[in-house]
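Contents: one structure, followed by commentary.
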Amino acid sequence: MHQTAILFLEFGAVLLGLGVLGALALRVGVSPIPLYLIAGLAFGTGGILPLTTSKEFVSVGAQLGVILVMLPLGLEYNADELVTSLKGNSRAGIVDVVVNATPGAVCALLLGWGPVAAVAMAGMTYATSSSITARILSDLGWIGNRETPVVLSLLVFEELAMAIYLPILTAMLAGLSFVGGALTVGIALATVSVVLLVALRGGRLIQVFMARPNPEVLVLKMVGLALLVAGVAQQLHVSAAVGAFLVGIVLSGKLAEGAQALLLPMRDLFAAMFFVFFGLQTDPAKIGPVAGLAALLALVSMVTKLVTGAYAARRAGIARAGRVRAGMALIPRGEFNIVIAGLAVTAGAHPDLGPVAAAYVLILAAFGPLAARLVQPLIIAIAKRA
């Protein structure tokens, strides 16, 4: 009973603190992700006030957070959009992969971290935070701009690329043989293909099965299906995050419109726990020695995302101001980057990878939205001159 009381006290204090931090972030107009990470650093190993009993409970909640973050992301994209994005924006998507994954991979190899850490770092510097970018587009009134479809198409391409990349990374981290790794990647590719085919051909039947007038039943079915598929995916050495994302794609459409509103509060709660738990795993004392490296990597990543956005927008015939906006919107990093780093840290890829990832995401999750706001007057001036 005493242990349970301590668990409630600690966990309640953590949630209440996160609520205060979230309110502060909303007032300032920035993403709460950096504040959640800082909270995790404060209450984790080497922090100011380490948790004693609720860390394991938060760990389970964080794993649920990964699934509940990825499920709504999948709901945002239907199969038609994914196929259209692949056809119309494949060149810009490939440029995005090459330009933004290279700095992370090169950094790890130059530091002698090995090929597995290099693959993890490549994914970490590649993926943009869809949730923070969407917030930037909304808050700054960029939703109706001509470059916004270009930004969204790159995000769709990245999500699908992650569905292929994460199984490869998982196989490498698990130390599977070449045959085992190839089998895992083959299963992942086959799964993505089957899901897209089912979503394109049999999506209506699935919608009929899932649709219910009672919101409670709808949420139970969606989350239950996502957890089942995530569990099966993990048994096959395919990331649980990918499984949840693919479930979201299958369930996207009219059904998703009502489900989003029901899932968002759950997603926000468990996603906050997810970022906190990553902070709990990272010793703040280890961030100082790698802060310079993380800052340099963040600076390079800002430049490469600006180049990617400008290139994609120029191909779409968009003017200079729109190209700058597209690049600025792609700068933030967040959920995918922490998912990748979390997988690598858990598997013991390299001891410095976790601190670098924490500092890297802290910088870009905080600076991305702030930079977009600060650059807004400059963008308006460029547009007037043009």
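In what follows, every heavy atom counts, from backbone to side chain, and hydrogens, waters and symmetry copies are set aside. Worth saying up front: this structure is predicted, and the values here are computed from it rather than measured.
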Exercise: identify the closest heavy-atom pair between [X] and [Y]:
{"X": "Met121", "Y": "Cys107", "result": "CE-SG, 4.3 Å"}
{"X": "Asn337", "Y": "Ala127", "result": "ND2-O, 3.0 Å"}
{"X": "Leu41", "Y": "Pro284", "result": "O-CG, 3.3 Å"}
{"X": "Arg146", "Y": "Gly317", "result": "NH1-O, 3.4 Å"}
{"X": "Leu364", "Y": "Ser301", "result": "CD1-CB, 4.2 Å"}
{"X": "Trp113", "Y": "Val356", "result": "CH2-CG2, 3.9 Å"}

Is any side-chain heavy atom of [Y] closer than 4.5 Å to one of [X]?
{"X": "Tyr165", "Y": "Ile340", "value": "yes"}
{"X": "Arg91", "Y": "Tyr311", "value": "yes"}
{"X": "Leu169", "Y": "Met162", "value": "no"}
{"X": "Pro32", "Y": "Leu21", "value": "no"}

Taking a hydrophobic cluster as the set of Ile, Leu, Val, Met, Phe, Trp and Tyr residues connected by side-chain heavy atoms closer than 4.5 Å, whether directly or through intermediates, do [X] and [Y] fall within one such cluster?
{"X": "Val97", "Y": "Val150", "result": "no"}
{"X": "Val119", "Y": "Leu109", "result": "no"}
{"X": "Val324", "Y": "Met302", "result": "yes"}
{"X": "Val361", "Y": "Met328", "result": "yes"}
{"X": "Leu306", "Y": "Leu297", "result": "yes"}

Legend entry - Side-chain donor or acceptor of Thr133 paired with backbone N/O of Ala329 under 3.5 Å: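 Present.
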Inset, instruction - Look at the side chain of Thr125 and the backbone N and O of Ala122, then say whether any donor-acceptor pair between them is shorter than 3.5 Å. - result: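 A pair under 3.5 Å: yes.
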[X] [atom1] to [Y] [atom2] distance, which is reported to the nearest 0.5 Å:
{"X": "Arg325", "Y": "Glu147", "atom1": "CZ", "atom2": "CD", "result": "4.0 Å"}
{"X": "Ile338", "Y": "Leu37", "atom1": "CD1", "atom2": "CG", "result": "5.0 Å"}
{"X": "Met124", "Y": "Arg333", "atom1": "CE", "atom2": "CZ", "result": "9.0 Å"}
{"X": "Leu18", "Y": "Leu35", "atom1": "CG", "atom2": "CG", "result": "9.5 Å"}

Inset, instruction - Please check if any side-chain donor atom of Thr308 sits under 3.5 Å from a side-chain acceptor atom of Asn100, or the reverse. - result: yes
Inset, instruction - For the pair Leu155 and Leu330, evaluate side-chain contact (heavy atoms from CB on, under 4.5 Å) and give the outcome as yes or no after the intermediate values. - result: CA-CA 8 Å; Leu155 293 180; Leu330 293 170; 4.2 Å; yes
Inset, instruction - Decide side-chain contact (heavy atoms from CB on, under 4.5 Å) for Phe157 and Asp96; before the verdict, give the C-alpha distance in whole Å, the side-chain angles of both, and the deciding distance to 0.1 Å. - result: CA-CA 9 Å; Phe157 192 96; Asp96 187 15; 5.8 Å; no
Inset, instruction - List the steps, then state whether side-chain contact (heavy atoms from CB on, under 4.5 Å) holds for Tyr360 with Leu293. - result: CA-CA 9 Å; Tyr360 177 80; Leu293 172 63; over 6 Å; no
Legend entry - Glu158/Lys305 salt bridge by N-O under 4.0 Å criterion: yes
